[in-house]
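One structure below.
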Amino acid sequence: MQQFSVTKTSLFPSQKNRALLQTVLEVSDLHVSFPVYGAEPIAAVRGVSLAFAQGEVVGLVGESGSGKTVLARAIMGLVPPPGRVIQGRVLFEGRDIGEMSEDEMRNVRGREISMVIPNPRSELNPLLRVGKQIASVAKYHLDIGWAEAERMAEDMLRKVAIPDPKRRFESYPHELSGGMAQRVVLANALICSPKFIISDDATSGLDVTIQAQVLDLMRNLVREHNTSTLFITRDIGITAHFCDRVAVIYAGAIVEMAKRETFFENPCHPYTIMLLAAFSHNPRLRRQWFKEGIRFKPSELGTACPFAPRCVRVHDRCRHEERPALHEIDPGHFVRCYFPVER
Ligand SMILES: Nc1ncnc2c1ncn2[C@@H]1O[C@H](COP(=O)(O)OP(=O)(O)OP(=O)(O)O)[C@@H](O)[C@H]1O
Ligand code: SF4
Ligand SMILES: [Mg+2]
């Protein structure tokens, strides 16, 4: 397999298809770390580069603690202190998010970039009727009057498939089921037709049937509005239905990224295959790719391949050389591994 280095122009899966599309958001070599008193800082995000074309849905898959939320928050300009971006940048429509003032950022958040998180109740004000909450987002960002904002909010409740939207407009959050509350949060996130949306494990608290409904709805709405999306999940299976492109993150770094079809037909990184094997009903496959009992610890990263202790293909080189770089093994297919699986 021929190997190429990652270049700025090769971040998209298909040059031919994507070249003419506008890049809405671009993350370049982003590093985020958390200082730890008396110890090495925790490197939560380590050199992530990812660009989103208009309307493109990119799935980001990785287990707990791999850096998904920290990356999402860095994109929103909201890294929780004492964490900070120590290198790299996020460009939204060519503007550097790190250089925007708090006022500029407030206008961007909610209006142009918005985020949906798993616990809808923490997002909603328990004392305000849900219709009013959605309408106030529109009023604040779009500079419109109450009547227009409320009309938009009711329309949005209809779009997120809330039954009897007129009546639900007047409900308080505690009167809604979890699935309905998540739809309201989605309505809040989409009311201003943002150009970029982040869904951070947004449906993980819902039961499976409701989760599927909310996901379907989200997919239809982002397609309809041509919204670029970062779709974060721990469930690699969901990305097969939802995303144009899939990236796998391990220990704060992307280890594999490809167009959805390539990703599922030809996964190459041992960690990707391990995640896929976890979903398989074939116990032999699971045994083949799993090393039991070893978990990733962010405080024990080292400088070599961080997946080495768990990798069934590990060689001496993996333990002793620098962490492998991300290579483009086929056009648009990137892998960070010295010994990618070849088919
Ligand atoms: N506020 C914080 N203070 C210190 N370290 C943090 C903080 N937030 C995150 N981290 C570190 O960053 C790493 C990545 O955390 P992050 O929340 O991004 O994981 P995640 O991939 O979103 O996990 P999950 O799937 O459980 O949501 C964690 O392992 C943790 O060590
Ligand atoms: S570099 Fe080595 S240890 Fe790391 S994922 Fe590849 S084969 Fe496994
Ligand atoms: Mg998270």
Side-chain angles (χ1 to χ4, degrees), residues 1 3 27 30-48 59-76 78-86 115-119 122 198-205 230-236 238-239 247-256 267-275 277 288-291 294-327 329 334-342:
M1 234 182 300
Q3 300 212 326
V27 178
L30 194 75
H31 293 251
V32 181
S33 86
F34 289 88
V36 178
Y37 184 72
E40 284 292 300
I42 292 175
V45 174
R46 302 195 297 158
V48 168
L60 182 68
V61 189
E63 61 202 338
S64 196
S66 55
K68 306 181 295 298
T69 297
V70 173
L71 173 63
R73 297 197 60 152
I75 291 174
M76 299 287 289
L78 289 173
V79 174
R84 63 188 187 92
V85 172
I86 53 165
M115 185 158 163
V116 191
I117 59 168
N119 182 0
S122 70
I198 302 171
S199 162
D200 185 1
D201 234 349
T203 56
S204 61
L230 172 62
F231 183 78
I232 293 175
T233 178
R234 273 173 262 171
D235 182 340
I236 201 166
I238 292 182
T239 60
V248 174
I249 184 167
Y250 189 80
I254 288 178
V255 295
E256 182 155 16
C268 293
H269 195 283
Y271 178 58
T272 307
I273 302 177
M274 188 187 108
L275 291 178
Q288 187 184 344
W289 289 98
F290 269 90
K291 272 188 183 172
I294 307 169
R295 287 200 59 80
F296 158 66
K297 294 195 189 114
S299 51
E300 294 171 9
L301 270 180
T303 55
C305 174
F307 190 58
R310 300 170 72 186
C311 184
V312 294
R313 287 169 66 82
V314 62
H315 291 54
D316 275 354
R317 181 178 180 197
C318 314
R319 294 197 182 97
H320 299 123
E321 285 190 24
E322 287 284 294
R323 169 172 81 122
L326 197 61
H327 282 120
I329 56 169
F334 298 90
V335 183
R336 188 187 290 279
C337 176
Y338 288 126
F339 305 100
V341 178
E342 293 184 54

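Residue indices begin at 1 and follow the sequence shown. As the structure lists them, so they are numbered: ligands from 1, and atoms in each ligand from 1.
Nearest to atom 16 (P) of ligand 1 by heavy atom, out of I42, V70, D201, is V70.
Using a 4.0 Å heavy-atom cutoff, R313 is listed among the residues neighbouring ligand 2. Under a 4.0 Å heavy-atom criterion, R73 is not in contact with ligand 1. Contact between G83 and ligand 1 is absent, with no heavy atom of the residue lying under 4.0 Å from the ligand.
Residue contact annotation: T69 places an N/O/S atom under 2.8 Å from the Mg ion (ligand 3). Within the 2.8 Å limit, H269 places no N, O or S atom next to atom 8 (Fe) of ligand 2.
Interface atoms of ligand 1 facing R234, defined by a heavy-atom separation under 4.0 Å, are 25 (O). Taking a cut-off of under 4.0 Å to the non-hydrogen atoms of A44, the atoms of ligand 1 that pass are 12 (O), 13 (C). Of all the atoms in ligand 2, the ones that sit under 4.0 Å from a non-hydrogen atom of C318 are 1 (S), 2 (Fe), 3 (S), 7 (S). Within ligand 1, counting atoms from 1 as listed, the ones closer than 4.0 Å to a heavy atom of E63 are 21 (O). The atoms of ligand 2 that sit less than 4.0 Å from any heavy atom of Y338 are 1 (S), 6 (Fe). Residue contact check: G67 has heavy atoms under 4.0 Å from atoms 14 (C), 18 (O), 19 (O), 20 (P), 21 (O) of ligand 1.
The side-chain hydrogen bond (donor to acceptor under 3.5 Å, both in side chains) test with Y250 is passed by exactly one of E256, R310, H269: R310.
In this structure, SG in C337 is found 14.0 Å from OH in Y271, a value given to the nearest 0.5 Å. Interatomic distance, E63 CD to L275 CG, rounded to the nearest 0.5 Å: 7.0 Å.
Ring-plane geometry between H315 and F339 is classed as parallel, the angle between the planes falling under 30 degrees on a 0 to 90 degree scale with a further cut at 60.
Of the heavy atoms in C337, both backbone and side-chain atoms come closer than 4.0 Å to ligand 2.
Annotation: atom 8 (Fe) of ligand 2 to nearest protein heavy atom, C311 SG, 2.3 Å.
Of the possible donor and acceptor atoms, none in the side chain of H31 sits under 3.5 Å from a partner among the backbone N and O of A43.
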